[in-house]
Amino acid sequence: TSAPCHLLVVTAEHIVMCHERKLQMYSFAGTKEREWVLADVIRYIKVDGGPAGHEGLLIGLASGHVLKVHVDNPFPIELIAQATGVKCLDVSLDRKRLAVVDSEGELQVYDLSTKDVVFRASGAQSVAFNETFDDMLCFSADGKLNIRTGDQPVHQHKVDGLVVGFTGAKVFALRNGVVEVVDVPQSTPLYRFIEAGDFNNAYRVACLGVTKSDWCRLAQAAAQAMALDVARRAFVRVQDLRHIELLNSIE
């Protein structure tokens, strides 16, 4: 098929193209199967997963509205509405939070159940939630990658580029037309969770990718706090049989 297009995404069974306010869905054979005409110009589109043929699409408009469109449903659902146009957006793994970068570089993270803003930052260019840890996001700002985990303070890495994806301990950054994979250490959020006594989240962060010494520190801190289940799993990671036997005797 031939059609004007300024944004395009691919789902399991369709190609979805955007042109100004129109969202058009075609089969791989080139047949137009559905069309949506939205209230303003489409600035951003992202596939939000779902079963084949029933995927959801996140749509950011120049008006500041964020919509969710299911490819098998003619009616868009409004998620949030803000005063400035959408530049980039992403949704958390558990679908509870929505991060939006607007046309003025303001990043706002919304709680989708209450529509309240739970975090904001200025100078942002792009944003992505971690695809394996629901409460961790990365945003590009001032030539740095900024990572926020839970309610912890943001920690930074001096890596230039626009974040386009975040999985585990790997950030995918677009720079000079090339997507680069950047390994980001998870020691900082790990130690902050340990200091807060939150050993379950500390273990989840450690599973994203930390050093052997980090695993040992987590195991010892959890054992001292009598969080024996986390301590055992951490000692198993470093194959410390002596401490595993000690935990068994303590229990």
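No experiment lies behind these values; they were computed from the predicted model shown. Along the sequence shown, residues are numbered consecutively beginning with 1.
- A donor-acceptor pair shorter than 3.5 Å can be found between the side chains of E131 and T167.
- Expressed to the nearest 0.5 Å, how far CG of L112 lies from OG of S92 amounts to 7.0 Å.
- Salt bridge status for K46 with D90: present, with a side-chain N to carboxylate O gap under 4.0 Å.
- Separation of atoms OG1 (T211) and CD (Q186) is listed at 11.5 Å; rounding is to 0.5 Å.
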Taking it one step at a time, do T149 and F133 satisfy side-chain contact (heavy atoms from CB on, under 4.5 Å)? CA-CA 9 Å; T149 305; F133 193 101; 3.9 Å; yes
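- A salt bridge does not link R192 to D151: none of the charged side-chain nitrogens sits closer than 4.0 Å to a carboxylate oxygen.
- A donor-acceptor contact shorter than 3.5 Å links the side chain of R34 to the backbone of V71.
- To the nearest 0.5 Å, atom CG of residue L8 and atom CE of residue M17 are 6.5 Å apart.
- Checking side-chain atoms of D111 against main-chain N and O of S113 turns up a donor-acceptor pair under 3.5 Å.
- Hydrophobic clustering, with ILVMFWY side chains joined whenever heavy atoms are under 4.5 angstrom apart, groups L7 together with L61.
- In terms of modelled atom types and a separation under 3.5 Å, the side chain of T132 and the main chain of G168 share a donor-acceptor contact.
- A donor-acceptor contact shorter than 3.5 Å is absent between the side chain of W36 and the backbone of R21.
- For the residue pair H14/E33, the side-chain donor-acceptor check at 3.5 Å is satisfied.
- Figure legend: cation-pi geometry between R148 and F139 absent, as NZ or CZ is not positioned both under 6.0 Å from the six-membered ring centre and within 45° of its axis.
- Residues S187 and D214 have side chains that bring a donor and an acceptor to within less than 3.5 angstrom of each other.
- Linking Ile, Leu, Val, Met, Phe, Trp and Tyr residues whenever their side-chain heavy atoms come within less than 4.5 Å places V210 and V238 in a single cluster.
- Contact check on D48 versus R95 returns a salt bridge, with a Lys/Arg side-chain nitrogen under 4.0 Å from an Asp/Glu carboxylate oxygen.
- Between R43 and D40 no salt bridge is recorded (no basic side-chain N to carboxylate O distance below 4.0 Å).
- Contact detail for H70 and H54: the closest heavy-atom pair is ND1-O, 3.8 Å.
- Side-chain contact between W215 and C207: present, with at least one pair of heavy atoms (C-beta onward) separated by less than 4.5 Å.
- At distances below 3.5 Å, at least one donor-acceptor pair connects side-chain atoms of N73 with backbone N or O atoms of F75.
- At distances below 3.5 Å, at least one donor-acceptor pair connects side-chain atoms of N146 with backbone N or O atoms of K144.
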Using the rule given for side-chain contact (heavy atoms from CB on, under 4.5 Å), can you reason through L137 versus F166, listing the C-alpha separation, both sets of side-chain angles and the distance that settles it, and then say yes or no? CA-CA 8 Å; L137 64 81; F166 189 15; 5.7 Å; no
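- Clustering ILVMFWY residues whenever any of their side-chain heavy atoms sit less than 4.5 angstrom apart, transitively, puts Y44 in a cluster other than the one holding L67.
- Annotation: side chain of P76 is in contact with side chain of L38 (closest heavy-atom distance under 4.5 Å).
- Within the 4.5 Å cutoff, the side chain of V86 has heavy atoms near those of the V66 side chain.
- Residues V109 and F129 have side chains in contact (heavy-atom distance under 4.5 Å, counting atoms from C-beta outward).
- The CG atom of L190 lies 10.0 Å from the CZ atom of F199; values are rounded to the nearest 0.5 Å.
- The backbone N or O of V184 lies less than 3.5 Å from no partner atom in the side chain of H157, so there is not a single donor-acceptor pair.
- Panel note: side chain Q156, backbone V154; no donor-acceptor pair is recorded below 3.5 Å.
- Residues V69 and I80 do not share a hydrophobic cluster, defined by chaining ILVMFWY side chains whose heavy atoms lie under 4.5 Å apart.
- In the hydrophobic cluster analysis, where Ile, Leu, Val, Met, Phe, Trp and Tyr join through side-chain heavy atoms closer than 4.5 angstrom, V91 is grouped apart from I59.
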Residues L218, F193; criterion side-chain contact (heavy atoms from CB on, under 4.5 Å); working and verdict: CA-CA 10 Å; L218 170 60; F193 277 131; over 6 Å; no
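- Checked for salt-bridge contact, D94 and R97 meet the test: a charged N lies under 4.0 Å from a carboxylate O.
- The 12-atom threshold is not exceeded at CD of Q239, counting heavy atoms of other residues, nucleotides or ligands nearer than 6.0 Å.
- Around atom NZ of K115, more than 12 heavy atoms belonging to other residues, nucleotides or ligands sit under 6.0 Å away.
- The shortest side-chain heavy-atom distance between L58 and L79 falls under the 4.5 Å cut-off.
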Please test E251 against R232 for salt bridge (charged side-chain N to carboxylate O under 4.0 Å, His left out), starting from the C-alpha separation and ending with a verdict. CA-CA 11 Å; E251 285 186 329; R232 177 181 289 102; 2.8 Å; yes
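- Look at K170 and E180 and you find no salt bridge, because none of the NZ, NE, NH1 or NH2 atoms lies under 4.0 Å from a carboxylate O.
- When every heavy atom of E13 is checked against every heavy atom of G53, the shortest pair comes out as OE1-CA, 3.6 Å.
- Side-chain contact, D240 with H243: a donor N or O sits under 3.5 Å from an acceptor N or O.
- L208 has its side chain within reach of M136: a pair of non-hydrogen atoms, C-beta onward, lies under 4.5 Å apart.
- Considering every non-hydrogen atom in both A12 and A52, the closest pair reads CB-CB, 3.7 Å.
- Checking side-chain atoms of S140 against main-chain N and O of V163 turns up a donor-acceptor pair under 3.5 Å.
- Atoms CG and CG, from N200 and D229 in turn, are 7.5 Å apart once rounded to the nearest 0.5 Å.
- The number of heavy atoms from other shown groups lying within 6.0 Å of NZ (K68) is above 12.
- In this structure a side-chain-to-backbone donor-acceptor pair under 3.5 Å is present from H6 to I42.
- Atoms CE and CG, from M226 and L247 in turn, are 8.5 Å apart once rounded to the nearest 0.5 Å.
- V10 places a side-chain heavy atom less than 4.5 Å from the side chain of F28.
- Between R242 and E245 no salt bridge is recorded (no basic side-chain N to carboxylate O distance below 4.0 Å).
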Report the C-alpha distance between L89 and V127 in whole Å, list the side-chain angles of each, state the deciding distance to 0.1 Å, and finish with yes or no for side-chain contact (heavy atoms from CB on, under 4.5 Å). CA-CA 6 Å; L89 60 84; V127 64; 5.7 Å; no
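- Annotation: side chain of V101 is not in contact with side chain of Q125 (no heavy-atom distance under 4.5 Å).
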